[in-house]
Number of protein chains: 2
Amino acid sequence: MQQESPLQIDLLIHARWIIPANGTQSVFEDHSIAVHDGRITAVLPTENSKQRYVATEEFNLGDHALIPGLINAHGHAAMSLLRGAADDLQLHTWLHDYIWPLESRWVSEQFVYEGTQLAIAEMLLCGTTCFADMYFFPDAAARAAKEIGIRAQLCCPVLDFPSAWAADADEYISKATQLHDTYRHHPLINVAFGPHAPYTVSDAPLRKIAILAEEMDVPIHMHVHETAQEVHDAETTTGKRPLQRLAALGLVSPRLLCVHATQLTDAEITLLHDNGASVVHCPESNLKLASGFCPVAKLHKAGVNVALGTDGAASNNDLDMFAEMRTAALIGKAVAGDASAVPALQALEMATLNGARALGMDDSIGSLKPGKLADIVAIRMDTFNAMPVYNIISHLVYSTQSNQVSHVWVGGRLLVEGGQLTTIDTHKLRSNVLVWQAHIQPDARR
Amino acid sequence: MQQESPLQIDLLIHARWIIPANGTQSVFEDHSIAVHDGRITAVLPTENSKQRYVATEEFNLGDHALIPGLINAHGHAAMSLLRGAADDLQLHTWLHDYIWPLESRWVSEQFVYEGTQLAIAEMLLCGTTCFADMYFFPDAAARAAKEIGIRAQLCCPVLDFPSAWAADADEYISKATQLHDTYRHHPLINVAFGPHAPYTVSDAPLRKIAILAEEMDVPIHMHVHETAQEVHDAETTTGKRPLQRLAALGLVSPRLLCVHATQLTDAEITLLHDNGASVVHCPESNLKLASGFCPVAKLHKAGVNVALGTDGAASNNDLDMFAEMRTAALIGKAVAGDASAVPALQALEMATLNGARALGMDDSIGSLKPGKLADIVAIRMDTFNAMPVYNIISHLVYSTQSNQVSHVWVGGRLLVEGGQLTTIDTHKLRSNVLVWQAHIQPDARR
């Protein structure tokens, strides 16, 4: 019998546990991931991998678990510069007296560029490899993401009213299509529509977005049914619940990501399911703003795809998807009144494969599967909070601290090594943030 | 004018921020804490401190916040050895088919000693300096705490039925009084009664405990109104709600810690307030077991003292009081339907001063105040998830990861330095835990 000569590949990662998160409970022990040209080529026993491959780079992660890169399916990255500027306030006071004035005073292209860098630094260190972002100056956010090497879906905001970025709905939409053209073939960046919310975008631009999204083949990312007040106000002024209006406008489709969705009737859950729309659950933001409870267990039972997001750091106040997974699993049980609801694997899938589905990217990311892009996170499991290990998936969701993240690859490129960022000038970022802090502090403290 | 010569003291800690958590919002910037003979002697501007004192040890923590040591007011430390052994199960299945069989198979003096060491290692690294514990073999837990140097209140369990530790209620009670005698004058360890729950302890031992607790001047620590089922069952079998029965037996007093308390009528809240009893809120455990929601904002408004606990690692699954503070603040708002409920400072006080009050120790711990014991935690605030800083108290509750804890002092003794445990043989502990893991794994996986 002839011994085949080993294949030369770029990267081989050996780990104690691999959790592919591809829709099954399976955990591979003492397995390895082979990566070439930025893609996963195999997941196989470590023993075999050493015979089959010779890799340019090799990592022995004997106390670690490998999972697919986490996908933060909703946020406002640049708002990290406003972290902790206003908390513990009624929603209306928080928005009208703090967040909006701070934004109108400070948001600029540079604010978004440097704020997004700060957010990406935090997200990478917490194991996030792809994020969907809705904020002004998405071109600046795209530049930050591209330079650092993280994957991002920029959901260009559309509003009826002007901002520092655009004057009216038409200009928002036209800037979105331009940005889409710019990044049409980029390996890391893609562009979607981000109409802010039913109560801030009128029918005409929404109709236009529905048509353009179809032509451009991109998602529509929107805050929907965030609070009971929003639904009540819409019923009072339009006679319709927001989702009913969106459905009539042709927006409820597999392209739609309904962010928050704390107020859903059974009929609306059926509507989302039948039309293949996704929900992006942001549990910590919903709790912090007392917005209501997203019925995750019900949505899951109905077959609706539920992804997970942190929302912005002004309403969370971190971008830690491990904390978000835990909160989603915990609050999901409490809301369902059933301790078996939203089990650990489901929470992990919300943060990985379901996120990829919501972003329309499940062909290329969201699980550790040969053929997919090598977006991979390694987590140390030898810390006291992770001992003993009976069930690694339980640990990932219920007891992992995000600082256990040791290595992060995006498309096979190592962006975090031994808990350190490899593509960010951290000294410069830190000093830039301190400059913003000094400027913004007086307004934040008023 | 004559210059006074500087005072020689043991320890001087200079910090960027000091949050005394003594019932006011105040934050001291660029201040120092002076410590001598294990107690705080002054909190003063760093500038002055350098003139007034010469210290044997001095720490310059220029990017750090100092807070009082966190007080974990309810847990079952040794159950850390069962972390992740059973999750995502209905409460009845979880207890009857998993936890109780595992405990009856494995719990021994050695299990408790080594399991408590594991719990203490995790707790210290997360900034906990004092914990209240309810578990079998409290003598073994006391030994672990004493040797490591952490402060603990051992709440000796009392049950109607036998366990590996005692045969009947009388033996539980007699062992509790013995343990109390042993540690009567110990600087770190004190002993309380831990009657398990209204449904597991009958009237006679509860009456006896009420009298003994008064004579011995110790707290009574009890699971009370954890679930709606518990209250419903009691109403069906006894005609009374559990708190009503406890009140009739003379147990509702300033000595009583009602752990969980997810089911409270307005009259019961008044009863707790009028009798000075405390509630120990365990939000992550309540969510994970779908037990219900403790009405924290209502309790606070009524003037009831609410402390915070992690519960055991089998139902959490970590012992991270930073995560618990965040969850308490977040879920407190959602339950109250008010984003201004349970603000950050209140959550921090639940984890410090209110905990000290519940344990009857607020004369000596719970805030950074001259005269109190030097239980102090330093937290690094230069990480990206903590930038920028507008409001340090918001950061401590909403965005701090417990791994930012850098230094921990208990009674002036340094137990964590630069994120490393100083009084635990971590190699030995790790290998002991791995032995337990290998033994328990087959049962946990069945």
Side-chain angles (χ1 to χ4, degrees), chain A residues 81 83-85 87-91 94 118 121-122 125-126 284 286-290 292-293 313 316-320 323 326-327 329-331 333-334 336-341 343-344 382 384-385 387-391 394-395 398-399 401-403 429-430 433-434 436-437 440-441 444-445, chain B residues 81 83-85 87-91 94 118 121-122 125-126 284 286-290 292-293 313 316-320 323 326-327 329-331 333-334 336-341 343-344 382 384-385 387-391 394-395 398-399 401-403 429-430 433-434 436-437 440-441 444-445:
Chain A
L81 286 176
R83 189 200 313 273
D87 301 291
D88 301 328
L89 298 162
Q90 305 266 5
L91 183 62
W94 180 73
L118 172 62
E122 182 187 356
L125 290 170
C126 293
E284 296 198 354
N286 294 162
L287 294 171
K288 184 154 186 277
L289 299 175
F293 302 100
N316 185 311
N317 296 351
D318 59 42
L319 306 180
D320 179 347
R326 177 163 50 249
T327 303
L330 295 181
I331 192 73
K333 296 174 207 310
D338 175 1
S340 69
D382 60 348
F384 286 118
N385 62 304
M387 295 185 78
V389 180
Y390 303 118
N391 178 336
S394 159
H395 274 26
Y398 295 120
S399 54
Q401 291 178 16
S402 56
N403 72 298
L429 175 55
R430 211 175 288 274
V433 173
L434 290 177
W436 283 108
Q437 176 181 308
I440 297 172
Q441 187 123 349
R445 281 210 175 152
Chain B
L81 285 176
R83 188 199 313 274
D87 300 292
D88 302 327
L89 298 161
Q90 306 265 5
L91 183 63
W94 179 72
L118 173 62
E122 182 187 356
L125 290 171
C126 293
E284 296 198 354
N286 294 162
L287 293 171
K288 184 155 186 275
L289 299 175
F293 301 100
N316 185 310
N317 296 348
D318 58 42
L319 307 180
D320 179 347
R326 178 164 48 248
T327 303
L330 295 180
I331 192 75
K333 296 174 207 312
D338 175 359
S340 69
D382 59 349
F384 286 119
N385 62 305
M387 293 186 79
V389 180
Y390 304 117
N391 179 334
S394 158
H395 274 25
Y398 295 120
S399 54
Q401 290 178 16
S402 56
N403 73 297
L429 175 55
R430 212 175 287 276
V433 173
L434 290 177
W436 283 107
Q437 175 181 308
I440 297 172
Q441 188 123 349
R445 282 211 175 153

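On a predicted model such as this, the values are computed, not experimentally measured, just so you know.
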>> Out of E122(B), H395(B), R430(B), return the one with the most heavy atom pairs under 4.5 angstrom to chain A.
In response: R430(B)
> Which heavy-atom pair separates R83(B) from Y390(A) by the least distance, and what is that distance?
Replying inline: O-CD1, 3.3 Å
>> Can you tell me which of A336(B), A121(B), P343(B) forms the most heavy-atom pairs within a distance under 4.5 Å of chain A?
In response: P343(B)
> Which heavy atom in A290(B) sits nearest to a heavy atom in G337(A), and how many Å separate them?
Replying inline: CB-C, 3.8 Å
>> Heavy-atom cut-off 4.5 Å, strictly under: side chain, backbone, both or neither for N286(A) against chain B?
In response: neither
>> Taking side chain as everything from C-beta outward and backbone as N, CA, C, O, which of these in I440(A) sits under 4.5 Å from a heavy atom of chain B? Side chain, backbone, both or neither.
In response: both
> Can you check whether L319(A) reaches F384(B) side chain to side chain, under 4.5 Å on heavy atoms?
Replying inline: no
> Between Q90(B) and S340(A), which heavy-atom pair has the shortest distance, and what is it?
Replying inline: NE2-OG, 3.9 Å
> Counting only N and O atoms by type, is there a donor-acceptor contact under 3.5 Å from the side chain of Q437(B) to the main-chain atoms of V389(A)?
Replying inline: yes
>> If the test is side chain to side chain donor-acceptor pair (under 3.5 Å), which one of N317(B), D88(B), N316(B) qualifies with Y398(A)?
In response: D88(B)
> Given that the side chain runs from C-beta out, which part of D87(A) has a heavy atom under 4.5 Å from chain B: side chain, backbone, both or neither?
Replying inline: side chain
> What option among P388(B), A334(B), A341(B), A329(B) has the most heavy-atom pairs under 4.5 Å with chain A?
Replying inline: P388(B)
> Of the backbone (N, CA, C, O) and the side chain (C-beta and beyond), which part of Q401(B) lies under 4.5 Å from a heavy atom of chain A, both, or neither?
Replying inline: side chain
> With a 4.5 angstrom heavy-atom cut-off, which part of R326(B) approaches chain A: side chain, backbone, both or neither?
Replying inline: side chain
> With chain B, which of L429(A), L125(A), L91(A), T327(A) has the greatest number of heavy-atom pairs at distances under 4.5 Å?
Replying inline: L429(A)
> Do you know which two heavy atoms are closest between K288(A) and L330(B), and how far apart they sit?
Replying inline: CB-CD2, 3.4 Å
> Is there a side-chain contact between K333(A) and L287(B), using heavy atoms and a 4.5 Å cut-off?
Replying inline: no
>> Need one label for W94(B): side chain, backbone, both or neither, based on atoms under 4.5 Å from any heavy atom in chain A.
In response: neither
> Quick one: of N385(A), D382(A), D318(A), who has the most non-hydrogen atom pairs under 4.5 Å with chain B?
Replying inline: N385(A)
